[in-house]
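Let me begin by presenting the structure, written as structure tokens, before commenting on it.
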Number of protein chains: 2
Amino acid sequence: MRYLCGPQPGDLSGLDVDELAALNAIGRQRALAPGESLIWEAEDSVLVANVIDGVLKLSSNTEDGREQIVGVVYPADFIGRPFGGANSHGVTALTDARVCLFNRRDFTAFAAAHPQLEHKLLERTLGELDCTRRWMLLLGRKSASEKIASFLLETRDRLNAPKGCEFRFEDGPETIELPFSRQQIADILGLTIETVSRQFTRLKDAGIVDLPSRREVRILDSAALEAEAG
Amino acid sequence: MRYLCGPQPGDLSGLDVDELAALNAIGRQRALAPGESLIWEAEDSVLVANVIDGVLKLSSNTEDGREQIVGVVYPADFIGRPFGGANSHGVTALTDARVCLFNRRDFTAFAAAHPQLEHKLLERTLGELDCTRRWMLLLGRKSASEKIASFLLETRDRLNAPKGCEFRFEDGPETIELPFSRQQIADILGLTIETVSRQFTRLKDAGIVDLPSRREVRILDSAALEAEAG
DNA sequence: CGTGACTTTGAGCCATTTCAACACGCGTGG
DNA sequence: CCACGCGTGTTGAAATGGCTCAAAGTCACG
């Protein structure tokens with residue numbers, strides 16, 4: 001069960017090599033430091049971007065400052081609204097990141113010339129919609145412990161996503177390096193930072209995970225985690 | 001602010017009339033009674049459907065029976081996974097409904113022949129993704145009273161969606177006819193049925209709404225509702 | 001080392017859930 | 001026409017999971 005959205009079957013890497021090169025040619029690259037936001041400037045300025053490297057969050061906020069992270073994007077993911085309306089979510093780098101920006105005019109023209117791209121984008125977007133909807137079950141109906149367990153499993157799978165074709169026959173204790181602070185985990189799961197912290201120490205005390213450092217989690221008993229995930 | 005997803009700018013009604021007719025020709029119509037589910041049968045059987053009439057829910061469930069409604073679809077909305085993977089959510093009629101079903105083979109062929117359709121579908125899907133993400137803020141971060149207020153405003157807007165081009169200059173007390181039971185409202189908002197009920201009577205006691213019957217809500221003070229929506 | 005940001009831990013509280021009883025509306029059948 | 005039963009909704013009282021507030025602990029970095 002995957003929630004946070006990663007490379008889908010309709011990954012853009014499925015594009016022709018020369019198409020990809022052409023696409024990159026019309027974009028300009030930009031580096032982001034952790035905490036830095038991509039602001040969608042003027043109307044016909046930057047509207048779409050492709051993540052080259054790093055991890056970014058999409059977030060939604062209430063007027064009084066509460067935040068909900070509504071998506072986490074990894075390399076090869078697309079962000080932005082290719083067509084139509086104003087952009088609706090903040091986009092902020094969680095790690096050092098590089099993105100490739102396109103302005104609307106160029107991107108629209110490119111899409112028109114390459115129906116293949118639109119098709120891939122559609123497949124990708126449908127996949128993300130599915131992921132996002134699954135995540136709603138977690139937000140609306142799961143307890144704190146279920147949320148944490150689901151989150152850890154999800155993040156492990158996401159970070160282990162096959163980059164090449166390495167298969168992983170052995171899955172003993174795996175250490176995952178979280179690109180998130182406790183506060184960000186709380187904002188992903190709809191919890192408070194204290195609850196996240198308490199759940200982590202509970203899992204550690206139960207021998208289900210080990211916490212070598214603030215940003216590392218070593219899963220010792222993934223069966224137990226899966227049982228907790230609900 | 002709109003959450004539940006309705007006709008987007010990329011509404012399929014933007015298709016040519018003859019294209020729409022051709023699309024309808026390759027589908028078969030099916031009627032559903034309230035509570036009846038659309039099951040996605042064999043691999044290359046029904047995979048996509050277009051809502052003609054009625055209201056349906058998309059829902060996600062935990063193994064132990066908790067449910068979260070992850071989307072509500074109205075006439076002219078599309079449901080299903082046009083390409084790739086297994087369908088991930090249950091689809092159940094909330095009212096009497098009619099849908100137009102397509103099997104994958106036909107639909108894929110049609111899409112290939114009509115790039116316009118894919119484009120519209122992409123716009124539509126991007127819009128739904130935005131709506132769904134906004135809904136996550138509600139699920140993860142809002143209190144029961146904020147959820148209820150948001151829900152009522154959202155449902156009012158959705159049910160009042162312009163069918164023709166009638167503008168509504170006067171917006172005095174409006175009665176909305178909910179296509180949802182209390183339990184379904186709870187499953188949309190990630191609450192219990194009791195909490196939903198209590199919030200409704202609180203709003204009634206405060207003079208913000210009137211409740212002529214179980215399925216009707218008359219909004220008396222929409223400003224107050226908006227203030228509560230967070 | 002010292003400073004500041006982040007994290008953990010504790011204690012009390014409160015919103016929502018849980019559990020349980022009751023009310024309403026409506027169709028069926030006596 | 002009324003009695004009955006059943007699904008649905010409401011109301012109450014008690015329990016509780018997660019939140020809030022507060023303080024102490026860690027770590028990275030100058």
Side-chain angles (χ1 to χ4, degrees), chain A residues 33-36 57 62 64-69 92 94-96 138-152 177-206 209-217 228 230, chain B residues 33-35 57 62 64-68 94-95 138-152 177-206 209-217 228 230:
Chain A
E36 206 173 341
K57 70 174 182 180
T62 57
D64 60 329
R66 285 169 284 174
E67 171 160 330
Q68 176 67 45
I69 293 181
T92 308
L94 298 177
T95 64
D96 280 304
L138 175 144
L139 286 177
R141 290 297 184 203
K142 290 196 178 179
S143 68
S145 54
E146 291 172 320
K147 284 178 175 181
I148 291 284
S150 304
F151 166 79
L152 287 175
E177 167 117 16
L178 299 174
F180 313 107
S181 70
R182 293 288 185 270
Q183 181 61 61
Q184 284 156 357
I185 295 171
D187 289 337
I188 288 172
L189 298 175
L191 296 172
T192 59
I193 185 175
E194 295 95 330
T195 300
V196 171
S197 181
R198 280 187 253 269
Q199 292 295 330
F200 270 51
T201 60
R202 186 184 56 76
L203 287 175
K204 191 176 83 174
D205 292 348
V209 304
D210 190 22
L211 304 171
S213 80
R214 289 173 168 185
R215 293 287 184 131
E216 285 173 306
V217 180
E228 274 207 9
Chain B
K57 69 174 182 181
T62 58
D64 60 331
R66 285 169 286 175
E67 171 161 330
Q68 176 66 46
L94 297 178
T95 63
L138 176 144
L139 287 177
R141 290 299 185 203
K142 290 196 179 178
S143 68
S145 53
E146 292 173 318
K147 285 179 175 181
I148 292 285
S150 304
F151 166 79
L152 287 175
E177 167 116 17
L178 298 174
F180 313 108
S181 69
R182 293 288 186 266
Q183 180 62 62
Q184 285 155 357
I185 295 171
D187 288 338
I188 288 172
L189 299 175
L191 295 171
T192 58
I193 186 176
E194 294 95 331
T195 301
V196 171
S197 182
R198 279 186 254 269
Q199 291 294 331
F200 270 51
T201 59
R202 186 184 58 76
L203 288 175
K204 191 175 81 175
D205 292 348
V209 304
D210 190 22
L211 304 170
S213 80
R214 290 174 167 186
R215 292 287 184 134
E216 285 172 307
V217 180
E228 273 207 9

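The sequence lines fix the lettering, A, B, ..., with proteins before strands; numbering per chain opens at 1. What you are looking at is a predicted structure, and each value in this text was computed from that prediction instead of being measured.
- Across the protein-nucleic acid pair, Glu194(B) atom CD and dA14(D) atom P stand 16 Å apart, rounded to whole Å.
- Taking 4.0 angstrom as the limit, Thr201(B) places a side-chain polar atom (N or O) nearer than this to OP1 or OP2 of dT11(D).
- At the phosphate of dT8(C), neither OP1 nor OP2 sits under 4.0 Å from any side-chain N or O atom of Arg198(A).
- Between the OG1 atom in Thr195(B) and the CZ atom in Arg202(B) there is a gap of 11.5 Å [rounded to 0.5 Å].
- One atom, CD of Glu228(A), and another, P of dG17(D), lie 14 Å apart when rounded to the nearest Å.
- Spacing between atom CZ of Arg141(A) and atom P of dG17(D) amounts to 17 Å, rounded to whole angstrom units.
- Counting to the nearest Å, the P atom of dA28(D) and the CZ atom of Arg215(A) are 11 Å from each other.
- Looking only at distances, no side-chain donor or acceptor of Glu216(B) sits under 3.5 Å from a matching main-chain atom of Leu178(B).
- Rounding to whole angstrom units, CZ of residue Arg202(B) and C1' of dT10(D) are separated by 16 Å.
- For Ser181(A), no side-chain nitrogen or oxygen approaches OP1 or OP2 of dC6(C) to under 4.0 Å.
- Gln183(A) places its CD atom 11 Å from the P atom of dC19(D), with the value rounded to the nearest Å.
- Taking OG of Ser181(A) as the start and CD1 of Ile193(A) as the end, the distance is 6.5 Å to the nearest 0.5 Å.
- Among the protein residues, Ser213(A) comes within range of no part of the nucleic acid, since none of its heavy atoms lies under 4.0 Å from any strand.
- Look at CZ on Arg214(B): it is 14 Å from P on dA23(C), rounded to the nearest Å.
- Atom CG of residue Leu138(B) and atom OG1 of residue Thr62(A) lie 11.0 Å apart, to the nearest 0.5 angstrom.
- Among the heavy atoms of the strands lying under 4.0 Å from Thr195(B) is at least one base atom, whether or not backbone atoms are also near.
- With rounding to whole Å, Ile193(B) atom CD1 is found 18 Å from dA21(C) atom P.
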